[in-house]
Amino acid sequence: MSESDTTDAGDGTQLRTPIVAVLGHVDHGKTSLLDEVRGSAVTAGEAGAITQHIGATAVPLSTISDIAGSLVNPDDFDLPGLLFIDTPGHHSFSTLRSRGGALADIAILVVDVNDGFQPQTHEALDILKRTQTPFIVAANKIDTIPGWNPNPDTPVQATLERQSDRAESRLNEKLYELIGELSEEGFSADMYWRVQNFRENIGVVPVSAETGEGIPDLLTVLMGLSQRYLKSEMSIDTEGPGIGTVLEVKEERGFGATIDTVLYDGTLRGDDTIVVGGKNEPIITDVRALLQPRPLAEIRTEKQFEQVDIVRAAAGVKIAAPDLDDAMAGAPVRVVRDRNLEEVVAEVRAELADIEVVTEEQGVVVKADTLGSLEAIAAALGEAEIPIVRAEVGDVAPRDVAVASTADEPKHAAILAFNVDVLDDAAREIEQGNVNLFADDVIYQLIEEYEEHVAAIEDAQQ
Ligand code: GDP
């Protein structure tokens, strides 16, 4: 890893990059926005460009100031830049936790300016509230405003002033609708250039992921917000034993099960012993290799990854080690090094206990791909007053069908599966038995489908 991942805080500690996540309703432009941020960074080019991590992209301050031009004076900042988590969506956001909070330090809530607030926008806001994560709103797709006259080379505020009356009033109308929606959700929001305190008020940045308008403004606001309000939280002991969160468990040829991890504190070394949250027990294992993506040019000819000796927070890294098959996405990873092993295991256990879901004697079975999503579904089911009898990370297995089939009430003979597969044996048993399976990768849709099913049962009983 490059040394530019941290900067000196002046008091012996180091400052790490704030971790940024992108949330919002499907199709509102989360992926495009991330692509555009990466794209403008690569085009801006010279300064530091970007570093591709596993699961994340680091944009150094020098590149941000290149993109933002006169908006950012690098001398005003001592944070090293921003680390964007590559997988957008509140599903991955809530998965990525650190010590009880969200792993991301800041979020960008993307809202299609024409489409306004949608169910997943509300869900995302609930999660941001629950985790108390500071965020800004990217009012996306301004280029689709009728009569819009794009100008990617100036700050978006200036572009706004140069629009026809029709385009300007149409956009303003949409932006004020957004601000109104935010206010109904309990957030005081305003156009970003009128916001003084980004922790108390939500800044709305008009952007287009298509034309790149507003991207410099967006990066400027993120950087300013981090520098002003998050700096103290970014201070870490870079030489201390690393702490991170599992993003994904992945089979990798030649390595077996590996974990894609975001390290948010300390260092991780190629010869460290680590403790990882597992499906049954914390997993204690020795790192076999730390892997990073190779620079793009080399990927075609060489192996996809290169081995590194050390990784410093904040960074995304793939960890290869024995016994990782039962590791859980969303679970903690902690380096042991010179610490007491039992103590580290107890910490991992405590963090996992934090995310356990309350179950009842009767209710539905819930399966999800990660702890965070399990927790999010449990919260949504709780709100809908739907009890849960069993909640677990992993694919739908025969055991789940067995539990669901013993339900006292027909409506509880159900499995709600979020973003997971159904094992063949389980599928066969579902087909032959009385258990109903609901599978979706959007929480509110999953719950809606189940509620419709319950309504149908109740209708039939009357
Ligand atoms: P996601 O589901 O939130 O990740 O949304 P995507 O990034 O996949 O975008 C959904 C669709 O909207 C795609 O067809 C994009 O090309 C389009 N899109 C995204 N941002 C913009 C924008 O700023 N302007 C226009 N015109 N289209 C956009």
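Every heavy atom of this structure was used, including side-chain atoms; hydrogens, water molecules and symmetry mates were not. Remember, it's 1-based here, ligands and their atoms both numbered in the order they're listed.
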The protein heavy atom nearest to atom 20 (N) of ligand 1 is Asn140 ND2, 3.1 Å
Please report which non-hydrogen protein atom sits nearest to atom 10 (C) of ligand 1, along with the residue it belongs to and the distance in Å to one decimal place.
Asp27 O, 3.5 Å
Looking at Arg162 and Glu168, is any side-chain nitrogen of the basic one under 4.0 Å from a carboxylate oxygen of the acidic one?
no
Under 4.0 Å between a Lys/Arg side-chain N and an Asp/Glu carboxylate O for Glu185 and Lys129?
yes
Tell me: protein heavy atom nearest atom 4 (O) of ligand 1, and distance?
Thr31 OG1, 2.5 Å
Ligand 1 atoms nearer than 4.0 angstrom to some heavy atom of His25 are 3 (O)
Considering all heavy atoms of both residues, which atom of Gln52 and which atom of Asp86 are nearest to each other, and what is their separation?
NE2-OD2, 3.4 Å
What is the closest protein heavy atom to atom 24 (N) of ligand 1, and at what distance does it sit?
Asp143 OD1, 2.7 Å
For atom 13 (C) of ligand 1, state whether the nearest protein heavy atom is under 4.0 Å away.
no
side-chain contact (heavy atoms from CB on, under 4.5 Å), that's the test. Do His453 and Phe438 meet it? Break it down for me.
CA-CA 10 Å; His453 165 75; Phe438 303 87; 3.3 Å; yes
Can you tell me which residue and heavy atom of the protein come closest to atom 23 (O) of ligand 1, and the distance to 0.1 Å?
Ala209 N, 2.8 Å
Among all protein heavy atoms in this structure, tell me which lies nearest to atom 5 (O) of ligand 1, with the distance rounded to 0.1 Å.
Gly29 N, 3.1 Å
What part of Glu210, side chain from CB on, backbone N/CA/C/O, both or neither, has a heavy atom under 4.0 Å from ligand 1?
both
Could you check, using the six-membered ring where one of them is a Trp, whether Phe135 and Phe187 have ring centers closer than 6.0 angstrom?
yes
Suppose I only count heavy atoms of Ser208 and a 4.0 Å limit; which atoms of ligand 1 are within that range?
23 (O)
Give me the residue, atom name and distance of the protein heavy atom closest to atom 18 (N) of ligand 1.
Lys141 CE, 3.7 Å
Check this for me, if you would: do Lys141 and Asp115 make a salt bridge, where the nitrogen-to-carboxylate-oxygen distance has to be below 4.0 angstrom?
no
Between the side chains of Asp105 and Ser226, is a donor N or O closer than 3.5 angstrom to an acceptor N or O?
no
Nearest heavy-atom approach of Ser208 to Asn140 is CA-OD1, 3.6 Å
For atom 7 (O) of ligand 1, which candidate among Ser32, Gly212, Ala139 provides the closest heavy atom?
Ser32
